[in-house]
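Down below is the structure, laid out as structure tokens.
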Protein chains: 2
Amino acid sequence: MTEQLKTYFANNFQTTTAEIEQVVSAFKEKIVKKNETLILKGDTCRYTYFVCKGSVRAYFIDDEGQEATRYIAFENQFITTIHSFISQTPTNEFIEATEKAVLLEISYGDFKRITEETSLARDLYKRQLEVAYMTNHWRLESFLKMSAKQRYDFLLQTNPAIIQRLSNKIVASYLGITQESLSRIKAQK
Amino acid sequence: MTEQLKTYFANNFQTTTAEIEQVVSAFKEKIVKKNETLILKGDTCRYTYFVCKGSVRAYFIDDEGQEATRYIAFENQFITTIHSFISQTPTNEFIEATEKAVLLEISYGDFKRITEETSLARDLYKRQLEVAYMTNHWRLESFLKMSAKQRYDFLLQTNPAIIQRLSNKIVASYLGITQESLSRIKAQK
DNA sequence: GAAAAACATTGACAAATGATAAAAAATCAC
DNA sequence: GTGATTTTTTATCATTTGTCAATGTTTTTC
């Protein structure tokens, strides 16, 4: 499975084979079942995950017990609770597998070490931050100027995998609406 | 006015006086009137601004002509359309002064140059990205799990300057609701 | 494969928010 | 300062979205 990460680095970063080997060797394979939890609210996030197969989501639970999904990572995407991982402080999010998944994980200590050792790891951090920023930016934009139905159509265009592969419950929590509202939106098409 | 930026760097970054001088010398003062536009949708964003006095906002206009405010910078904060600035591609946002303001601006070319020359500028970029990420993250979280009224109360707690210093029109566009809804929310307290 | 659990849909109703219009208040321009 | 312009408030009504409850469907578990 490390082949997949090597290919990912080779395709997306300006780097060398040696650097790739060094960075990838810091990752360990982890296999998780559907619904298995990787990080709990209150934990300090100790790992960043690269998704080889399957999918993983980050979500909040509010005071009334309602879930709200912030981000969903599919194949060849990274996921972590960035702020908690970087600052090593407790997170207010959960991370769990939304399908059975094969992951590669890297610990905070190892990440810090290879960040000092390789420019690939530094670039990776910058890229992760940029991608995370852009993702939230688009999401925020969609909440600021779209109705629930418009957000659904937009999601169908820009990230259909979420709708195709995951349950309505999760799609609804990603769109910030109830399952019932999502059911109605889908029915009226 | 460059004193203010020097103090800001000295207080918030691990750096040297020489580096601060070098970075700050790349900024130029710019005075703008209230409602003056700094960046138009479709422009490639050529500057990053540091707010010395006053306030500046970044906002979208949707198909129906409705404004939605993404970010508001007050004293000692930076503002730009990060993605457009970094990639030098057109932005879909506007940036304008929400009060008369004194700014320090740095061009893309100068920013790129001092990023190569000083670690302070590199740290500044990383910090800007982290702050921008966290800001959007909180904003997204508030849309995912709060009602309009809850978002208003949350804003009053976490960033009262927006409510105290700016018009209802802008506050409403920041909360993603209509002015009339905001009026009602304020009345029912 | 059957029972249990989780998930999805539908309907009736309630609550929140938007749209429109008009009046009141505040601000701006000269 | 005064009239014009913009912003804010208020009211009414329409639409969207949420809540609750019932039922049907799918998935999980043993």
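All values reported here derive from a predicted model rather than from experimental measurement. Here is how names work: the chains are called A, B, and so on, in the same order as the sequence lines, proteins then strands, and each is numbered from 1.
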Self-check item: Separation between CD1 of B:I20 and OG of B:S25, rounded to the nearest 0.5 Å
Solution: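 Between B:I20 CD1 and B:S25 OG, I get 12.0 Å after rounding to 0.5 Å.
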Check: How long is the gap from CG on B:L40 to OG1 on B:T91, to the nearest 0.5 Å?
Finding: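 Atom-to-atom, B:L40:CG and B:T91:OG1 are 10.0 Å apart.
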Give the rounded distance in Å between these two atoms: [atom1] of [X] and [atom2] of [N].
X: B:Q66; N: C:dG18; atom1: CD; atom2: P; result: 9 Å
X: A:I185; N: C:dT9; atom1: CD1; atom2: P; result: 12 Å
X: A:Q150; N: C:dG18; atom1: CD; atom2: P; result: 12 Å
X: B:Q179; N: C:dA25; atom1: CD; atom2: C1'; result: 14 Å
X: A:Q188; N: C:dG11; atom1: CD; atom2: P; result: 14 Å
X: B:R184; N: C:dA15; atom1: CZ; atom2: C1'; result: 12 Å
X: A:K149; N: C:dG18; atom1: NZ; atom2: P; result: 19 Å
X: A:I177; N: C:dA8; atom1: CD1; atom2: C1'; result: 13 Å

### Whichever of B:K34 and B:G176 has its nearest DNA chain C nucleotide further upstream toward 5'
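That would be B:G176.
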Worksheet entry | Opening and closing nucleotides of DNA chain D in contact with chain B, under 4.0 Å to non-hydrogen atoms |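 From 5' to 3', the first and last contacting nucleotides are D:dT7 to D:dT12.
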- Report the relative orientation of the aromatic rings in B:F111 and B:F85; use parallel for angles under 30°, tilted for 30 to 60°, perpendicular for over 60°.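 Perpendicular.
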- Task: Check each residue of residues 164-175 of chain B for a non-hydrogen atom within less than 4.0 Å of any atom in DNA chain D, then write out the ones that pass by number, or none.
- Result: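 Contacts with DNA chain D under 4.0 Å: B:S167, B:N168, B:K169.
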Is it true that the NZ or CZ of B:R57 lies under 6.0 Å from the centre of B:Y59's six-membered ring and within 45 degrees of the ring axis?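 Yes, B:R57 lies over the aromatic ring of B:Y59.
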**Request:** Give a yes/no verdict on a cation-pi contact between B:R151 and B:Y174, requiring under 6.0 Å between NZ or CZ and the six-membered ring centre and an angle within 45° of the axis.
**Result:**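 No; the conditions do not both hold, so B:R151 does not lie above the ring face of B:Y174.
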Ignoring backbone atoms, establish whether B:T178 has a side-chain N or O less than 4.0 Å from OP1 or OP2 of C:dT17.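 So the side chain of B:T178 is outside the cut-off, no N or O lying under 4.0 Å from OP1 or OP2 of C:dT17.
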Of all the heavy-atom pairs spanning A:Q150 and A:K145, show the shortest one and how long it is.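 Nearest pair, atom of A:Q150 first, then A:K145: OE1-O, 4.0 Å.
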Out of C:dT17, C:dC7, C:dA12, which has the shortest distance to the side chain of B:A148?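 The listed nucleotide nearest to B:A148's side chain is C:dT17.
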Inset, instruction - For the pair A:R184 and A:E180, find out whether any cationic side-chain nitrogen is under 4.0 Å from an anionic carboxylate oxygen. - result: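 Not counted as a salt bridge, because no side-chain N and carboxylate O are separated by less than 4.0 Å.
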Item checked: Identified stems (criterion: three or more consecutive Watson-Crick or G-U pairs, under 3.5 Å), DNA chain D ->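 Result, WC/G-U stems under 3.5 Å: C:1-30 with D:1-30.
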Checking ring-ring contact (aromatic ring centres under 6.0 Å, His included) for the pair B:Y133/A:Y133: CA distance, chi angles, key distance, verdict? CA-CA 5 Å; B:Y133 171 76; A:Y133 171 76; 7.8 Å; no
Are A:F78 and A:Y8 an aromatic pair, judged by ring center distance below 6.0 Å?
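Aromatic pair counts; centres sit under 6.0 Å.
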Checklist line | Test item: A:T80 side-chain N/O and A:Y47 main-chain N/O as donor-acceptor pair under 3.5 Å | finding: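 Side chain of A:T80 to backbone of A:Y47, a donor-acceptor pair under 3.5 Å: yes, one is there.
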Keeping B:Q179 on the side-chain end and B:N168 on the backbone end, is there a donor-acceptor pair under 3.5 Å?
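It does not hold such a pair.
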